Amino acid sequence: MHQRQAVIERIRRVSAGVQRLELAVEPPQRALSGGQFFLARTTATYDPYLREAWLPVALNDKTIVVERPTRYQYLPNQVVDLLGPLGKPFPLRNSARALLLIAYEAAPSIFLLMLQSALARNSAATLVLIGQAQQYPLEALPSALEVIRAEHYETWAERAQHIAWADQIFAVAPPPYDLPAYMRLLEDAQRVRHAVSAELLYGIFQPPMPCGIGACQACLVRLQNGDEVPACTEGMAFDLTRVNLLQSLADSAGA
Amino acid sequence: MLEITTGKMTLRLSPPVMGASGAFGFAGEYGKLIDLSTLGALVTNPISLRARRAATGARVVPLDSGVLIHTGLPNGGIYKMHRQYAAKWRASPIPVIVHLIGTPEDLAECAAFLDQQAEIAAIELGINDALTAREVRAMVARVRAQTQLPLLAKLPLYQAVNLAAAAADGGANALVIAAPPRGTARDPLSGQLVGGRVYGPWLKPLAVRIVGQLAPRLSIPIIGCGGIHHPDDARDFFEAGARAVQLDSVVWARPEMVIAIAKAFSGGELTRAAGALADEWRPLGEPAERRTTLIPAPPPPHVPSPPEI
Ligand code: FES
């Protein structure tokens with residue numbers, strides 16, 4: 001856990017909606033794995049007040065690359081204050097040869113760093129882009145990746161086969177779509193695979209995170225055993241068989 | 001430094017700068033990032049008699065220059081929380097103050113239990129803004145009867161003026177003014193209105209005004225809280241009559257400022273201008289302009305004009 005200044009060395013517009021920032025960071029902040037993230041402050045003022053969650057998509061010798069929507073404006077040489085790396089690395093199994101990644105109404109940026117390691121060890125990976133996620137620029141994705149696009153979850157062709165064949169599945173959906181999307185996916189997996197073992201199916205929880213350190217309790221995820229744990233320190237990926245999706249969904253419907 | 005004494009117990013706040021409830025966690029979560037020993041004390045997140053679940057739905061709404069948060073005050077209940085954190089509280093380099101919430105009966109039971117725990121330095125009561133002055137007096141008195149520990153009462157911002165005397169009469173040893181006020185804002189993600197506590201720098205003038213109104217009227221110390229993001233903000237509270245301050249959301253926005261603020265009131269000096277007050281040193285990275293607005297520049301030394309050519 002570090003709070004350090006980083007410098008934006010390069011800004012590359014990847015598409016109309018996506019830009020990549022190359023940041024010169026100090027070594028402790030380059031020690032990170034896929035799934036970890038930063039909370040960034042870009043201004044000396046308190047507007048915006050909360051830090052932005054920045055997702056690294058590539059690591060270089062002295063820099064890291066993060067992806068941001070183009071509606072945010074940055075300048076070369078701009079100094080930013082980075083808190084992190086935060087969260088836990090995605091629990092990618094060594095034995096996972098077929099990886100299924102699902103981006104539901106969200107950019108798949110969060111998968112890209114993990115994908116580097118998965119593809120480097122010759123795992124096969126399929127990425128499903130659903131809804132708004134289809135607008136993500138395909139040229140920004142590794143060429144070894146199989147990409148499937150679907151307007152809706154229901155129109156995702158061969159969904160059952162993809163879910164049945166995967167050795168590990170990671171899904172990302174932004175709040176408030178996350179709980180219903182993960183519930184539907186878990187139900188599908190239970191139907192297609194009969195039993196969903198632990199460490200097979202992960203949902204990524206990305207609520208707004210004021211502190212990122214487990215102190216403010218604004219990002220708690222409810223587990224089956226009754227515990228509530230911060231997504232910022234224990235996530236962002238949670239084994240969906242451990243999350244109390246049913247109760248969380250029922251509660252948020254009544255909230 | 002502020003000392004709050006009750007019977008044989010003394011809470012020594014040195015420096016008079018604390019981490020506020022709701023911002024710093026239950027037991028030094030921020031110790032991974034900042035040196036908590038620079039603070040005078042740490043107030044835990046709210047703890048109730050029985051376990052409480054996290055709120056559902058949207059819990060964080062970003063605001064212009066602030067944030068609204070609705071956590072539901074989740075905690076495992078006093079006994080479980082004590083089992084979970086007692087060792088960390090015991091090892092804490094600074095006094096640990098437990099922030100309690102609940103009904104008068106619940107608070108009394110929690111206080112009686114905490115009274116027996118050596119690692120607890122004081123209790124802070126979260127005063128609900130729906131209570132009348134009479135109820136506050138009775139509630140604080142009921143808790144007071146259960147414990148010798150120093151008792152702080154954290155008052156709601158908009159009722160602080162009406163409730164302060166009642167809390168003091170009930171036996172509070174100090175008042176914290178104020179808890180973050182409640183607000184309602186639309187969550188941009190779900191489109192729903194969300195109610196919660198509001199944080200941000202703009203709270204400071206509201207809280208400073210109330211501290212200024214109450215300080216001359218009360219015989220117990222006031223601890224200022226709300227919107228402090230800079231040593232100058234804390235100075236404003238002290239000038240208004242506060243004897244100590246609590247920091248809350250600044251630790252999320254700029255954790256390094258917590259240290260800067262604590263050091264500003266610990267007698268430590270980094271850079272001190274000639275003629276500056278003892279607590280005025282410029283924290284690292286602090287823009288010089290802000291200081292110059294506070295400290296008049298010394299008159300330029302008399303230099304004879306060069307001869308005209
Ligand atoms: S963001 Fe504060 S606990 Fe996770």
Side-chain angles (χ1 to χ4, degrees), chain A residues 1-5 39-41 43-53 79 81-84 86 105-106 173-179 206-223 226-233 244 247-255, chain B residues 19 22-34 45-46 51-76 187-192 194 196 199-202 227 229-230 248-256 285-287 290:
Chain A
M1 171 74 55
H2 305 276
Q3 185 191 6
R4 296 274 203 284
Q5 294 199 326
L39 289 180
R41 171 166 292 291
T43 63
T45 67
Y46 290 107
D47 192 10
Y49 191 70
L50 293 184
R51 291 165 175 263
E52 299 162 359
V79 176
D81 180 303
L82 285 188
L83 186 65
L86 303 170
E105 304 289 352
Y177 305 118
D178 47 3
L179 290 173
Q206 297 177 292
M209 294 179 180
C211 76
I213 213 161
C216 74
Q217 299 180 287
C219 71
L220 299 187
V221 173
R222 186 177 300 178
L223 303 183
D227 287 353
E228 293 181 316
V229 295
C232 62
T233 56
N244 194 337
Q247 189 62 48
S248 307
L249 259 175
D251 286 352
S252 43
Chain B
F24 284 73
F26 287 105
E29 283 82 344
Y30 268 98
K32 289 172 256 176
L33 191 65
I34 55 179
N45 280 4
R52 287 174 63 107
R53 289 243 166 253
T56 52
R59 299 184 201 138
V60 178
V61 182
L63 306 172
D64 291 344
S65 301
V67 61
L68 178 144
I69 300 208
H70 172 49
T71 63
L73 311 179
N75 73 92
D187 169 36
L189 298 173
S190 66
Q192 290 175 340
V194 178
Y199 297 85
W202 49 271
H229 285 69
H230 188 275
D248 50 31
S249 58
V250 62
V251 75
W252 309 331
R254 290 186 63 188
E256 78 283 8
E286 184 61 19
R290 179 148 183 178

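Within every chain, numbering begins at 1; the chains are lettered A, B, ... in the order of the sequence lines, protein sequences first and strands thereafter. Treat the numbers as computed from the prediction; the structure is a model and nothing was measured.
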Exercise. Taking the six-membered ring where the residue is Trp, are the ring centres of His229(B) and Tyr49(A) under 6.0 Å apart?
Worked result: yes
Exercise. So how far is it from Gln3(A) CD to Lys32(B) NZ, rounded to the nearest 0.5 Å?
Worked result: 14.5 Å
Exercise. Of the backbone (N, CA, C, O) and the side chain (C-beta and beyond), which part of Leu189(B) lies under 4.5 Å from a heavy atom of chain A, both, or neither?
Worked result: both
Exercise. Between Leu179(A) and chain B, which part of the residue has a heavy atom less than 4.5 Å away: side chain, backbone, both or neither?
Worked result: neither
Problem set entry | Contacting moiety of Ala253(B), where chain A heavy atoms sit under 4.5 Å | both
Exercise. Side chain of Gln217(A), backbone of Thr71(B): donor and acceptor closer than 3.5 Å?
Worked result: no
Exercise. Highest number of heavy-atom pairs under 4.5 Å with chain A: which of Gly22(B), Pro62(B), Pro255(B)?
Worked result: Pro255(B)
Seminar exercise, completed: dist Thr233(A):OG1 -> Glu29(B):CD (nearest 0.5 Å) comes out at 9.0 Å
Problem set entry | Option in Gly72(B), Ser190(B), Gly66(B) with maximal non-hydrogen atom pairs under 4.5 Å from chain A | Gly66(B)
For this session: Over all heavy atoms of both residues, which pair between Ala54(B) and Glu228(A) is shortest? Give the atoms and the distance, please.
Result: N-OE1, 3.0 Å
For this session: Select one option (side chain, backbone, both, neither) describing which atoms of Ile213(A) are under 4.5 Å from chain B's heavy atoms.
Result: both
Exercise. In terms of heavy-atom pairs under 4.5 Å with chain B, which of Gly226(A), Pro210(A), Pro175(A) leads?
Worked result: Pro210(A)
Exercise. If you look at every heavy atom in Asp47(A) and Asp64(B), which pair is closest and at what distance?
Worked result: OD1-CA, 4.2 Å
Exercise. CZ/Arg41(A) to CH2/Trp252(B) distance, rounded to the nearest 0.5 angstrom?
Worked result: 12.5 Å
Seminar exercise, completed: When every non-hydrogen atom of Ala23(B) is compared with those of Ala215(A), the smallest separation belongs to O-CB, 3.5 Å
Exercise. Does any N or O in the side chain of Arg59(B) come within less than 3.5 Å of the main-chain N or O of Leu220(A), such that one atom is a donor and the other an acceptor?
Worked result: yes
